[in-house]
Each structure stands twice: as C-alpha cells, then as structure tokens.
Protein chains: 2
Amino acid sequence: MSKHIDSDFRATLKQAGLQVTAQRLAVYRAVKACPHIMADEIISTVESEIGTISRQAVYDALNAMSDHGLIRRIQPAGSAALYEHRVDNHHHLICRNCNAVVDIDCAVGEAPCLIADDNHGYAIDEAEVVYWGICPDCRT
Amino acid sequence: MSKHIDSDFRATLKQAGLQVTAQRLAVYRAVKACPHIMADEIISTVESEIGTISRQAVYDALNAMSDHGLIRRIQPAGSAALYEHRVDNHHHLICRNCNAVVDIDCAVGEAPCLIADDNHGYAIDEAEVVYWGICPDCRT
DNA sequence: TGGATATTCTGGACTGAGTCAATAATCATG
DNA sequence: CATGATTATTGACTCAGTCCAGAATATCCA
C-alpha cells in the first residue's frame with residue numbers, strides 16, 4: 001500500500017521539478033505516517049526504514065518539499081519545527097502541557113482569517129492561527 | 001520622564017513578587033522603548049545604558065517578567081523570540097521580507113478568536129494569530 | 001542598623017536545532 | 001557514455017537559549 005503513496009508522490013515530486021530519490025520518498029512517508037513530526041524524529045524513522053540518512057539530507061528534503069508546497073512546516077512557540085502532509089487551509093490546537101497537536105479545520109470558510117481591522121498597508125497573504133489549551137489527557 | 005516609568009514599574013515588579021533591580025528596570029525600559037525587540041538587542045541597549053549586563057541576567061529578567069505577565073513573548077516562525085510590553089489581547093502582522101512586526105488589534109472584540117469549530121476536548125485558553133504579508137516598504 | 005535569608009547576578013560551559021561548505025555520488029539528457 | 005546539474009554525505013560551525021556554582025544583592029525582621 002505504500003506503493004500507492006510512493007508512485008503518487010513520485011509524480012508530485014517531478015511536477016514540482018524535484019528529483020525523485022529514496023531519501024525524499026522516505027522522508028515524505030515519515031511525514032505522512034506521523035503528522036506533526038519533528039526533524040529528528042524523521043531521521044530516526046527514516047533510518048529504521050532505509051538504513052541510514054544524513055541529517056542534512058533530511059533538512060534538504062524538508063526544505064525543498066515545503067518550499068514547493070508538498071508539505072507544510074509549522075513552528076509553534078517554544079518547540080522545534082513540525083512537519084505535516086496536509087497543505088490545505090487549517091490551523092492547530094496545541095496542548096500547553098504535553099505539546100500534543102491536533103488539526104483544526106478553518107472555522108469560517110476558505111481563507112477567512114485574513115480579515116484584520118487594519119492591514120497597515122501590508123499585503124496580507126496568510127493568517128496563521130494557533131489555539132493553546134490543555135488536552136483531555138492532561139486535564140487530570 | 002523615564003522616572004515615571006521606573007516608579008510605576010517598580011511597583012508592578014513588587015506586586016508581582018519580584019525584586020526591583022537596576023537590570024530589570026533597564027530591561028523593561030528597553031522593551032518599552034522598542035516593542036518587538038530581540039534578546040540580544042536588549043543586551044546591547046541595556047549595555048549602552050547601564051554599562052554592562054550579563055546575558056543570563058537579561059534572560060532571567062525576561063523570563064521572570066513574562067512569566068508574571070509584565071511583558072509578553074512572541075516567537076514567530078523562523079526568528080528568535082521577541083518581547084513587547086503590550087500584554088493585552090492583540091495579534092501581529094509580520095513582513096515575510098524584512099520581518100517588520102506591527103501590532104494588530106483583535107478584529108472582533110475581547111477574546112473572539114477562541115471560537116474553534118471543534119475543540120477536540122481541549123480547554124482552549126488562547127488563540128494566537130499571526131498575519132503574514134509584505135510590508136509597504138518591501139512592495140518595491 | 002544589622003544580620004539572616006532569599007533572590008539575583010556573573011561567567012563559562014553546554015545543548016539542540018539548524019545551516020554552511022566542500023567533496024562525493026547520482027541522475028538526466030543529449 | 002559523457003557531461004553538467006541535482007542531490008547526499010560529512011564535519012565544522014552558528015545562534016538562541018539554558019544550566020551550573022559561586023559571588024553579590026536585596027528584602028525582611030528584630
């Protein structure tokens with residue numbers, strides 16, 4: 001079944017003008033398997049799958065893929081960058097205690113959060129929303 | 001006139017149960033003078049004012065003050081932590097090009113952004129919004 | 001005023017996340 | 001298959017921030 005993902009993703013990589021390599025496929029599979037994963041978790045996941053990969057290759061793959069919109073990087077305050085394969089408009093809800101992250105569909109519609117009272121002359125293209133709270137498990 | 005700020009802030013520190021020190025006053029003055037300032041800029045600012053201060057003292061002061069709600073820390077993706085003296089409900093608009101940050105008053109009211117479609121069982125206490133765009137100066 | 005106690009400051013070592021740069025391997029394409 | 005362009009590997013390095021232990025200060029209370 002990972003065959004499917006792979007062949008789909010091979011095409012996606014090519015369309016983006018990126019070469020298809022074992023490392024990139026493995027990195028993508030890791031992100032797909034575990035959304036909101038950190039770079040070093042990706043390294044271990046990929047290592048246990050592919051055998052070995054350099055840290056740099058992982059970062060290169062992650063940067064290339066997120067630059068081309070194939071994956072998305074989120075950087076919550078106080079933690080390392082997380083990667084996810086969902087690239088549509090959605091937001092995140094993070095537990096202050098255990099840092100668990102869940103996806104939140106956009107409350108209002110397509111790109112709703114772009115409305116600010118006063119844009120100060122900026123050309124706003126994205127509104128990033130992070131909800132902070134305590135997850136069910138941590139509400140002892 | 002900085003006398004005013006100082007004596008007000010002395011009281012605020014005491015109310016928060018924190019001791020009043022020259023370093024803390026200086027750090028607070030730096031944050032007040034330049035909102036959205038980074039830690040190492042604070043160090044230089046304070047050094048040119050007080051003469052010398054240790055990095056640790058600055059971080060301690062910043063952590064203590066933000067823990068007690070005297071200042072606010074924001075950590076936009078891809079940059080170091082920024083500190084500001086506004087502690088009320090407001091959001092930020094950041095230029096993708098030059099990283100300029102401006103405050104945005106909360107579009108809807110007091111704590112409006114707390115409405116998420118599905119809270120997944122979380123007890124949500126804050127919604128943090130970051131608007132990304134291009135500032136007037138960078139729109140060549 | 002003068003300690004006793006709690007808190008803060010200092011300087012240096014250290015960590016973790018991520019980047020840089022040079023070399024080696026691999027791919028794409030004629 | 002030759003050649004140039006991408007991608008991987010390796011190792012050094014940066015940057016932001018924390019940890020630690022001893023020295024210095026501030027606050028409280030008699």
Side-chain angles (χ1 to χ4, degrees), chain A residues 6 9-31 36-47 49-68 70-71 73-83 99, chain B residues 6-7 9-28 30-31 36-47 49-68 70-71 73-83 99:
Chain A
D6 274 14
F9 193 63
R10 277 168 190 280
T12 313
L13 277 172
K14 278 186 187 152
Q15 277 166 19
L18 295 173
Q19 288 186 188
V20 177
T21 69
Q23 287 85 344
R24 284 176 177 170
L25 291 174
V27 166
Y28 185 76
R29 251 182 271 123
V31 172
H36 315 129
I37 191 175
M38 308 198 319
D40 62 342
E41 293 168 336
I42 294 177
I43 296 176
S44 352
T45 304
V46 171
E47 271 174 353
E49 197 191 334
I50 287 289
T52 178
I53 192 172
S54 68
R55 193 162 29 110
Q56 191 60 40
V58 171
Y59 280 110
D60 281 355
L62 291 172
N63 288 334
M65 292 194 251
S66 60
D67 284 354
H68 288 81
L70 274 45
I71 61 177
R73 187 210 326 264
I74 62 176
Q75 284 176 261
S79 95
L82 306 176
Y83 296 87
N99 293 314
Chain B
D6 274 14
S7 59
F9 192 62
R10 276 168 192 279
T12 312
L13 277 171
K14 279 187 186 153
Q15 278 167 19
L18 295 172
Q19 290 185 189
V20 177
T21 68
Q23 286 82 348
R24 285 178 175 172
L25 292 174
V27 167
Y28 185 75
V31 173
H36 316 127
I37 190 175
M38 309 199 318
D40 62 341
E41 293 168 336
I42 294 177
I43 296 176
S44 352
T45 304
V46 171
E47 270 174 352
E49 197 190 334
I50 288 289
T52 179
I53 192 170
S54 69
R55 195 160 27 112
Q56 189 59 41
V58 171
Y59 279 111
D60 281 356
L62 291 172
N63 288 335
M65 292 194 250
S66 60
D67 284 354
H68 288 80
L70 274 44
I71 60 177
R73 185 207 330 262
I74 62 175
Q75 285 177 258
S79 95
L82 305 176
Y83 297 88
N99 294 313

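The structure displayed is predicted, hence computed values, not measured ones. Naming: A, B, ... by sequence-line order, numbering from 1 per chain.
Taking the side chain of A:Ala81 as heavy atoms from C-beta on, and the options C:dG18, C:dT10, C:dT19, the nearest nucleotide is C:dG18.
One interatomic measurement links the two molecules: CD1 of B:Ile43 to P of C:dT10, which rounds to 11 Å at whole-angstrom precision. We find that CZ of A:Arg55 is positioned 16 Å from P of C:dA21, with the value rounded to whole Å. Rounded to a whole Å, the CD1 atom of A:Ile37 is 13 Å from the P atom of C:dA17. Regarding A:Asp60, its CG atom lies at a distance of 18 Å from the P atom of C:dT23, rounded to whole Å. Between B:Gln19 atom CD and C:dC9 atom P there is a gap of 8 Å when expressed in whole angstrom units. One interatomic measurement links the two molecules: CD of B:Gln56 to P of C:dG12, which rounds to 13 Å at whole-angstrom precision. Atom CD of A:Gln75 and atom P of C:dG16 are 19 Å apart (whole Å). Going from atom OH of B:Tyr59 over to atom C1' of C:dG11 covers 15 Å, rounded to whole Å.
Taking the side chain as every heavy atom from C-beta outward, B:Leu18 and B:His68 approach each other to under 4.5 Å. You'll find the side chain of A:Ser79 stays beyond 4.5 Å of the side chain of A:Asn99, heavy atoms only. The side-chain heavy atoms of B:Met65 and B:Val27, taken from C-beta on, include a pair separated by under 4.5 Å.
Contact annotation: B:Arg24 side-chain N/O to C:dT8 OP1/OP2 distance is under 4.0 Å. Remark: B:Thr21 is in phosphate contact with C:dC9, judged by side-chain N or O atoms under 4.0 Å from OP1 or OP2.
In this model, no side-chain donor or acceptor of B:Gln23 finds a partner on the base of C:dC9 within 3.5 Å.
Put simply, chain A comes within 4.0 Å of DNA chain D, heavy atom to any atom, from D:dT6 to D:dA12, going 5' to 3'.
Looking at A:Thr45, A:Leu70, A:Leu62 one by one, the single match for side chain to side chain contact (heavy atoms under 4.5 Å, CB included) with A:Val31 turns out to be A:Leu62.
Formation of a donor-acceptor pair under 3.5 Å by the B:Arg73 side chain with backbone atoms of B:Ser66 is not found in this model.
Closest-nucleotide positions on DNA chain D for B:Leu18 and B:Met38 were compared, and the one nearer the 5' end corresponds to B:Met38.
Within 4.0 Å of B:Ala39, counting heavy atoms only, lie sugar-phosphate atoms of the nucleic acid but no base atom. Residue contacts for A:Val20: at a heavy-atom cut-off of 4.0 Å it reaches no nucleic acid atom on any strand shown.
Separating the CD atom in B:Gln15 from the CZ atom in B:Phe9 is a distance of 11.0 Å, to the nearest 0.5 Å. The CZ atom of A:Arg24 lies 7.5 Å from the CG atom of A:Asp60; values are rounded to the nearest 0.5 Å.
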